[in-house]
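Read through the structure below, which is laid out as structure tokens, and then see the notes.
Every value quoted in this text rests on a predicted model; they were computed, and no experiment measured them. Naming convention: chains lettered A, B, ... in sequence-line order (proteins, then strands); numbering from 1 in each chain.
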Amino acid sequence: MKLTGAQILIECLKKEGVDLIFGFPGGAVIDIYDELMKSSIRHVLVRHEQAAVHAADAYARVTGKVGVVLVTSGPGATNTVTGIASAYGDSIPVVVMTGQVPTKLIGNDAFQEVDIVGITRPCTKHNYLVKSVKDVAQTVKEAFHLARSGRPGPVLMDLPKDVMVDRTEFKYPEAIKMRTYNPTYEAHVGQIEKAGKLIVQSSRPVLYAGGGIIASNAAEELTELATLAQIPTTATLMGLGGFPGTHPLWMGMLGMHGTYCSNMAVANCDLLIAVGARFDDRVTGKLDAFASHAKIIHIDIDPTSISKNVRVDVPIVADCKNALGKLVTFLKREKDINWKEKHEEWLAQVRDWDKKHPLSYKEEKGVIKPQYVVEKLYELTKGKAIITTEVGQNQMWAAQFYKFAEPRSLMTSGGLGVMGYGFPAAIGAQLAAPDRIVIDIAGDGSIQMNIQEMATAMEQRLPVKIAILNNQYLGMVRQWQELFYGKRYAATSLATAPDFVKLAEAYGAVGLRATKPEEVVPVIKKALKTPNLVIMEFVIAHEEKVYPMVPAGKATTEMLLV
Amino acid sequence: MKHTYSVLVENKPGVLSRVAGLFSGRGFNIESLCVAETLDPELSLMTLVTRGDEQIIEQINKQLNKLINVLKVVDVSEGDFVEREMVLVKVKAEGNTRAEVLRMTDIFRGKIVDVSPKEYTIELTGDEKKVRAVLELLRPLGIKEVARTGTIAMIRSKKTP
């Protein structure tokens, strides 16, 4: 029997295990929606297409599956671009389906026509314009395969309206073989041996873990390696949760707002083992001062990440889980080494740095400090919540003061840094994990970038908790202006803002406000007990800054401290 | 350092744009780019000439390989290779320069492919150095127009069995 393109598309999605789609309809995708409605796949109607991609992104992060988005042509498609670029920056598997005008009209400047394949070429792992109904099944198969394999990433399929209406025989390609795409998963034995030997020889090693640990489910292997060889461990923002935040070998995040301990350890180590991380400028600071005394081992599935910013001594192109497993096996053969003794001096030094400048903040009478709010969120959720963040100070305080115990518990736009990511991400995360507490740690600036999703959360009955750290500023930019721009606060005041409690109520959600430190705990407790969408507004110290801070372009040892 | 790449790609719409976009998006240079179908109509061969330090060249190589439509990337300039470029030059040829243009064409083993009372159009092939030399020598005679194909290149066969 012949099926329409839309029917084939839905059948293919089911075959790929898709059970949930985030989307927003429009003229070019009515045919697809018509079929989607008849299928078993759940659809979540967002209120802005950008939010659909962020939600799918977080859904993918929590479940490890591919997040799926369906939007219409033209503005529907362009609105997804920020979401796609964010997923690309963080290597998150997302498939975005955009409607397109009929093939005959392509290039005609038709109504709601845009060259979305051209627009998203540099911010997708790959993208397709499907020109014939005969190509639909194969393209879906390839798109999902590309999104989830190798270094994951977003893939876009542009689907012209006539292709969705045309009919053809449906045959699903069970196997996939792409002769031009073949990622390397297995770590090279020779390179593992070289890396193992460097670890044996080193006396001041550091493990530096990135988002690759989460993507390849390698948290267990990472902890095993660190514990076995007694290596102090740090992580990037994307790697948080990849190593237990309460482990004795844990040093905290590194980089621009990393801990004193992590940055000092990296600067003084003689061996840096980078795993699934990419030496981003927010991590390295001034490049030639970064780990300048160290040999570097770099494990990454993407060869382009290796030796891109920093020269590497032992490159290992492989899946992190595979490489770490092999490294552990190699080191277990070194039975004569007493690792604790071998690294005793180094670990004592690391503990000293930690004691000298732990993460801290100054308490002020009668004023709520944002760090205190995050600490209490951590305590009252026993560290078991899924935390999403917006971007800016809220993101850094969340990263610093919430001790992430397990992978896939922090959702944040790390690479692209999208304000407005956190709330739609919380929606995606809550749908992926209905039984967990999901909290969006937000600022008063960024929450307003996708606040319209309140309606989505209410419609889906999602008990997401939003914690707004309200300092009436675009706080991170204000911090830079205070420190480096002579306190000229250009365009960073947000004194005009909605009443967030009333705003919550307007949507039928619950609004709570804390203006004094003693109100923080009761507000959080009440929110956690409320089986509904809640906005908690914490009116915090207006000029609180994120410390430590490495000024842009400086060495990471040149930290401004509390 | 100058590098010449042979890039085997799938013969699909948008592939050229992916390669060109990669170069412009990452601030790499393209000195010349030549694309045509191979014996296998599903594949095209791009010859791409670029410049950069060691680290940039390594990135170019890796980034090209990362593109989904790219099958194979070879830096032909790593070893012994043949490179050729074709150029069409329209030169002023009047009075006594008419013979001079002919002589130059002959010396560089070119061909006159179009003649008019005032101009000759010359077809020439050679490596980059030769093409540059010809153009420099013809310039004083009055070049009206130049069209170059860009370099194509191939690794030399092994001379010993």
Side-chain angles (χ1 to χ4, degrees), chain A residues 85 88 91 103 106-107 115-132 135 138-139 142-143 145-147 149-151 153-158 176-184 278-279 287-288 298 300-312 315 317, chain B residues 1 3 5-30 33 35-48 50-75 78:
Chain A
Y88 188 62
S91 309
T103 43
I106 289 179
D115 174 16
I116 196 63
V117 169
I119 290 172
T120 58
R121 210 169 267 142
C123 61
T124 50
K125 183 169 171 181
H126 197 58
N127 58 18
Y128 297 89
L129 169 61
V130 185
K131 281 186 172 163
S132 160
D135 298 334
Q138 179 66 25
T139 308
E142 284 187 13
H145 175 62
L146 286 174
S149 62
R151 179 178 179 173
V155 178
L156 181 139
M157 288 188 285
D158 202 19
I176 181 126
K177 205 176 163 252
M178 296 174 70
R179 67 170 169 173
T180 60
Y181 175 75
N182 200 4
T184 309
R278 59 188 177 89
F279 297 83
L287 267 176
D288 33 353
H298 190 180
D300 204 292
I301 197 156
D302 180 1
T304 66
S305 285
I306 292 173
S307 291
K308 182 171 73 179
N309 301 331
V310 171
R311 269 277 144 213
V312 167
V317 177
Chain B
M1 253 277 279
H3 285 255
Y5 282 104
S6 277
V7 188
L8 204 55
V9 301
E10 289 180 300
N11 191 1
K12 284 185 180 169
V15 175
L16 176 61
S17 155
R18 284 179 207 281
V19 172
L22 162 66
F23 276 73
S24 62
R26 294 189 180 267
F28 304 146
N29 284 315
I30 300 183
L33 176 65
V35 199
E37 207 176 274
T38 62
L39 287 177
D40 177 351
E42 285 185 6
L43 297 176
S44 289
L45 185 74
M46 292 187 178
T47 309
L48 206 152
T50 182
R51 255 172 223 281
D53 60 27
E54 201 189 324
Q55 201 176 353
I56 287 177
I57 291 300
E58 187 182 329
Q59 268 299 305
I60 290 175
N61 202 330
K62 287 174 170 177
Q63 294 284 358
L64 281 170
N65 270 303
K66 189 175 169 178
L67 290 178
I68 305 297
N69 298 123
V70 170
L71 185 63
K72 197 174 162 194
V73 181
V74 180
D75 183 350
E78 259 185 350

Original post:
chain B heavy atoms under 4.5 Å from N127(A): which part of the residue, side chain, backbone, both or neither?
Top reply: both
**OP:** Identify the two heavy atoms, one from P13(B) and one from K131(A), that lie closest to each other, and give their separation to 0.1 Å.
**Re:** CG-NZ, 4.3 Å
Original post:
Tell me, side chain or backbone of E58(B) under 4.5 Å from chain A's heavy atoms, or both, or neither?
Top reply: side chain
Subject >> Point-to-point distance, once rounded to the nearest 0.5 Å, from CE of M178(A) to CG of L71(B) >> reply: 11.5 Å
Subject >> Q55(B) atom CD: more than 12 heavy-atom contacts under 6.0 Å >> reply: yes
**OP:** With a 4.5 angstrom heavy-atom cut-off, could you sort out which part of L129(A) is near chain B: side chain, backbone, both or neither?
**Re:** neither
Subject >> Reported CG-to-CZ distance for the pair L22(B) and R121(A), which is rounded to 0.5 angstrom >> reply: 12.5 Å
Subject >> Exercise: identify the closest heavy-atom pair between I68(B) and L146(A) >> reply: CD1-CD2, 3.7 Å
Original post:
Can you say whether Q59(B) sits under 4.5 Å from chain A via the side chain, the backbone, both, or neither, judging by heavy atoms?
Top reply: side chain
Original post:
Rounded to the nearest 0.5 Å, how far apart are OH of Y181(A) and CD of E10(B)?
Top reply: 13.5 Å
Original post:
Is the closest basic N to carboxylate O distance between R179(A) and D40(B) below 4.0 Å?
Top reply: yes
Subject >> Heavy-atom proximity to chain A below 4.5 Å, by part of L64(B) >> reply: neither
Original post:
Can you tell me how far the NZ atom of K66(B) sits from the NZ atom of K125(A), to the nearest 0.5 Å?
Top reply: 8.5 Å
**OP:** Among the options G25(B), G21(B), S17(B), pick out the one with the most heavy-atom pairs lying under 4.5 Å from chain A.
**Re:** S17(B)
Subject >> Region of D115(A) that comes under 4.5 Å of a non-hydrogen atom in chain B >> reply: neither
Subject >> Side chain proximity check, K62(B) to K308(A), heavy atoms < 4.5 angstrom >> reply: no
Subject >> Top contributor to chain B contacts, counting heavy-atom pairs under 4.5 Å, from I306(A), D302(A), T180(A), N182(A) >> reply: T180(A)
